[in-house]
J.: 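Sharing a structure here in C-alpha cells format.
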Amino acid sequence: MKIAALIARLLLGLIFVVFGLNFFFQFLHMAQPPMTDKAQAFSGGLFGSGYFFQYMKVIEITSGFFLLINRFTALFVLVLLPISLNIFLFHVILAPAGVPVGSAVIILQVFLLFAYRKYYTSIFTVTPVV
C-alpha cells in the first residue's frame, strides 16, 4: 500500500505541476481535443473572468509541488479534490475526448483520499468539543 500511495502521489503531483506550469510557459505543444459548444462556452467564461485560470493553476502547481515533496500531503490532497472532480466532470459531460485523462486524475485522487483516510477522521466528528 505504501508503494502504491507513493506512486499515486508522485503521479498526481507531476500531473498538476507539469500541466500547471504548461499553462504559463507552454512548453508542451499539445493538440486540443475537439470540444462541444457547451465546453467552449464554459472554458470561455472561465478564461473571460481574467483571473480564474491563473488562480487555479497556481493552486495546482503549489499543491502538486507539496505532493511531490511529501509535505502536508493530506491537506493538499483535499485542496486538489474539487479541481480533480471538475476535470473529471468537465470531460465526462462536456468534452468526452478527454475522459481517459479525467478518469486517471480522479482515480489517483480517490486512491490518495483512501490512503490518507486516517488523517480525515476528525473532520467527520458529529459533535466536536472546543
Side-chain angles (χ1 to χ4, degrees):
M1 180 71 161
K2 285 185 178 184
I3 293 174
L6 171 70
I7 292 168
R9 180 177 53 80
L10 291 175
L11 281 174
L12 195 64
L14 274 173
I15 288 169
F16 281 111
V17 168
V18 169
F19 288 105
L21 288 172
N22 189 55
F23 176 80
F24 293 108
F25 301 113
Q26 287 130 20
F27 51 86
L28 296 175
H29 302 288
M30 301 176 299
Q32 288 287 16
M35 290 200 302
T36 63
D37 291 340
K38 288 182 180 181
Q40 288 177 348
F42 179 77
S43 296
L46 295 179
F47 273 110
S49 70
Y51 77 94
F52 183 81
F53 265 99
Q54 293 86 347
Y55 174 70
M56 183 178 65
K57 295 302 179 178
V58 167
I59 290 172
E60 287 180 11
I61 293 165
T62 304
S63 300
F65 174 74
F66 275 96
L67 290 181
L68 290 174
I69 65 169
N70 198 25
R71 298 289 182 256
F72 305 106
T73 306
L75 170 65
F76 285 106
V77 167
L78 278 182
V79 168
L80 286 172
L81 179 59
I83 296 172
S84 297
L85 185 58
N86 244 325
I87 290 168
F88 176 69
L89 291 175
F90 175 81
H91 288 297
V92 166
I93 296 168
L94 298 174
V99 167
V101 174
S103 297
V105 168
I106 201 69
I107 288 168
L108 290 169
Q109 182 76 43
V110 168
F111 178 77
L112 287 174
L113 285 168
F114 179 76
Y116 290 96
R117 69 189 177 280
K118 71 180 180 181
Y119 298 103
Y120 306 128
T121 55
S122 62
I123 294 173
F124 297 104
T125 302
V126 177
T127 52
V129 179
V130 179

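None of these values were measured; they are calculated from a predicted model.
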J.: Pro100 and Ala97: which non-hydrogen atoms are nearest, and at how many Å?
T.: CD-O, 3.8 Å
J.: Report the distance from atom CZ of Phe111 to atom CD1 of Ile7, rounding to the nearest 0.5 Å.
T.: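 With rounding to 0.5 Å, CZ (Phe111) is 9.0 Å from CD1 (Ile7).
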J.: Just by modelled atom types, is the Leu81 backbone N or O under 3.5 Å from a matching donor or acceptor in the Ser84 side chain?
T.: no
J.: With a cut-off of 6.0 Å (strictly less than), are more than 12 heavy atoms of other residues, nucleotides or ligands near CZ of Phe27?
T.: yes
J.: Taking atom CG of Leu80 and atom CG of Leu67, what is their separation to the nearest 0.5 Å?
T.: 5.5 Å
J.: Quick check: closest heavy atoms across Phe24 and Gln54, and the distance to 0.1 Å?
T.: CZ-O, 3.8 Å
J.: Within the structure provided, determine whether Val110 and Phe114 are in side-chain contact (heavy-atom separation under 4.5 Å).
T.: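 Not touching, per the 4.5 Å side-chain cut-off.
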J.: Counting heavy atoms not belonging to Ile3, are there more than 12 under 6.0 Å from its CD1?
T.: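 No, the 6.0 Å shell around CD1 holds no more than 12 heavy atoms from other groups.
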J.: Between Ser63 (side chain) and Phe76 (backbone), is there a donor-acceptor pair under 3.5 Å?
T.: no
J.: Considering only heavy atoms from C-beta outward, does the side chain of Thr62 approach that of Val79 to under 4.5 Å?
T.: no
J.: For Ile87 and Ile106, run side chain to side chain contact (heavy atoms under 4.5 Å, CB included): C-alpha distance rounded to whole Å, both residues' side-chain angles, the deciding distance at 0.1 Å, then the answer.
T.: CA-CA 8 Å; Ile87 290 168; Ile106 201 69; over 6 Å; no
J.: Taking the side chain from Thr125 and the backbone from Ser122, do they hold a donor-acceptor pair closer than 3.5 Å?
T.: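 A pair under 3.5 Å: yes.
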J.: Does the pair Leu94 and Met35 meet the rule for a side chain to side chain contact (heavy atoms under 4.5 Å, CB included), with working shown?
T.: CA-CA 7 Å; Leu94 298 174; Met35 290 200 302; over 6 Å; no
J.: Nearest 0.5 Å please: distance from the CD1 atom of Ile61 over to the CZ atom of Phe66.
T.: 13.0 Å
J.: Treating Ile, Leu, Val, Met, Phe, Trp and Tyr as nodes and any side-chain heavy-atom pair under 4.5 angstrom as an edge, say whether Leu11 and Val101 lie in one connected cluster.
T.: no
J.: I need the Asp37 CG to Phe42 CZ distance, nearest 0.5 Å.
T.: 15.0 Å
J.: Within this structure, what is the CE-CG distance for the pair Met1 and Leu6, rounded to the nearest 0.5 Å?
T.: 12.5 Å
J.: Side chain to side chain contact (heavy atoms under 4.5 Å, CB included), that's the test. Do Phe16 and Val105 meet it? Break it down for me.
T.: CA-CA 9 Å; Phe16 281 111; Val105 168; 4.1 Å; yes
J.: Show the nearest heavy-atom pair for residues Leu68 and Arg9, with the distance to one decimal.
T.: O-NH1, 3.5 Å
J.: Between CG of Leu75 and CG of Leu78, what distance do you get to the nearest 0.5 Å?
T.: 7.0 Å
J.: With sequence neighbours excluded, tell me which residues meet ring pair (Phe, Tyr, Trp, His ring centres under 6.0 Å) with Phe47.
T.: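 Partners of Phe47 by the ring pair (Phe, Tyr, Trp, His ring centres under 6.0 Å) criterion, ordered by chain and then number, come out as Phe53.
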J.: For Asn22 and Met30: C-alpha separation, side-chain torsions, deciding distance, then whether side chain to side chain contact (heavy atoms under 4.5 Å, CB included) applies.
T.: CA-CA 10 Å; Asn22 189 55; Met30 301 176 299; 4.0 Å; yes
J.: Is it the case that over 12 heavy atoms from other parts of the model lie below 6.0 angstrom from the CZ atom of Phe65?
T.: no
J.: With a 6.0 Å cut-off (strictly less than), is the heavy-atom count around CZ of Phe23, excluding the residue itself, greater than 12?
T.: yes
J.: Any sub-3.5 Å donor-acceptor pair from Ser43's side-chain atoms to Gln40's backbone N or O?
T.: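 Checked: no pair found.
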J.: For Ala74 and Tyr119, work out which heavy atoms get closest and say how close.
T.: CB-CB, 3.8 Å
J.: Under 6.0 Å from the six-membered ring centre of Tyr120 and within 45° of its axis: does the NZ or CZ of Arg117 meet both?
T.: no
